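Keep in mind that this is a model prediction, so the values were computed, not measured. Order of appearance sets the numbers: ligands from 1, and atoms from 1 within every ligand.
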Amino acid sequence: MSADIIDGKAFAANLRSRVADLVPAFRAAAGRAPGLAVVLVGEDPASQVYVRSKHKATIEAGMESFEHRLPETATQDELLALVRQLNADDSVDGILVQLPLPNGIDENLVISTIDPDKDVDGFHVTNAGRLAVGQHGYVPCTPLGCLMLLRDRLGNLSGLDAVVIGRSNIVGKPMAQLLLAESCTVTIAHSRTKDLPAVVRRADIVVAAVGRAEMVKADWIKPGATVIDVGINRVPGAEPGKTKLVGDVDYAGAAEIAGAITPVPGGVGPMTIAVLLRNTLVAAHHRAGVALAADAI
Ligand code: GUN
């Protein structure tokens, strides 16, 4: 194996501790802690795990965590009423409605009801628009975490060829916008892309966010490229009845050729919550009118 392993777990732990270090000064200036509200509708097991770890991480950072759980049977109107209540609550700086929502609830309507200045997920069209035109706003946590790892590894990204595989609103599109803002030459590839291997072979930076286990093969990777694997796919493990997590990239093969690569697990995954806390800290400063140095976090 020749590639350096990009340790997202360690980077995320460091980011979380830098966020936590900035909380006491905010508390002193604002007279309260930064507050994050997380809303979970229904009993989806994966979502329950995510919400629990967000709650724990928020408390560990010295912030206030407001958890709201609604039953699977909750109506859209009930959820919208809760979001409006959180919009109006001054102790809440960030609002996250855990996705996916149960059938019958219009996700776009729920997201568009969140105050854009509390939208620490960066999913509101106002924040997507701010990102597209280069204004201050909230950027979705996973792609922002990927960018932090890339900057840490590569420094200046200007002029590099970047290929983002996947065009979701949560990862692919904002990732492409972020890389464009770094002056990369950006290609967004997807399921209809012609000759995807040839497209990926041009890339200095590959961000794989398709949700298909080990789809990106080793011989698609340009020697020395930096590979960021956003995929988290559960597949059958070596022993019968056991499963394991793999990314969207054939890790073992790609690690022979890439210059650096994120593992799964322990790469991009831990970055999402760390960036969520970072976005919440930034939102708290903005809302309370407390200065935060641009390069503080
Ligand atoms: N479900 C899976 N990932 C996320 C995320 O980053 N934010 C929200 N709100 N829901 C999710």
Between Q98 and ligand 1, does any nitrogen or oxygen pair lie at a separation below 3.5 Å? yes
Going by the order shown, which atoms of ligand 1 are within less than 4.0 Å of some heavy atom of F123? 7 (N), 8 (C), 9 (N)
How many angstroms lie between atom CG of D44 and atom CG of L99, to the nearest 0.5 angstrom? 10.5 Å
Does V249 belong to the same Ile/Leu/Val/Met/Phe/Trp/Tyr cluster as Y251, with side-chain heavy atoms less than 4.5 Å apart forming each link? yes
Under 4.0 Å from one or more heavy atoms of L96, ligand 1 contributes atoms 9 (N)
Close N or O approach (V97, ligand 1; < 3.5 Å): yes
Do D89 and R32 meet the salt-bridge criterion of a basic N to acidic O distance under 4.0 Å? no
Can you label the angle between the F26 ring and the H285 ring as parallel, tilted or perpendicular, going by 30° and 60°? tilted
Same hydrophobic cluster for I6 and V268, using side-chain heavy-atom links shorter than 4.5 Å among ILVMFWY? yes
Is there at least one pair of N or O atoms, one from L99 and one from ligand 1, spaced under 3.5 Å apart? yes
May I ask you to check if ligand 1 and D121 share an N or O to N or O distance below 3.5 Å? yes
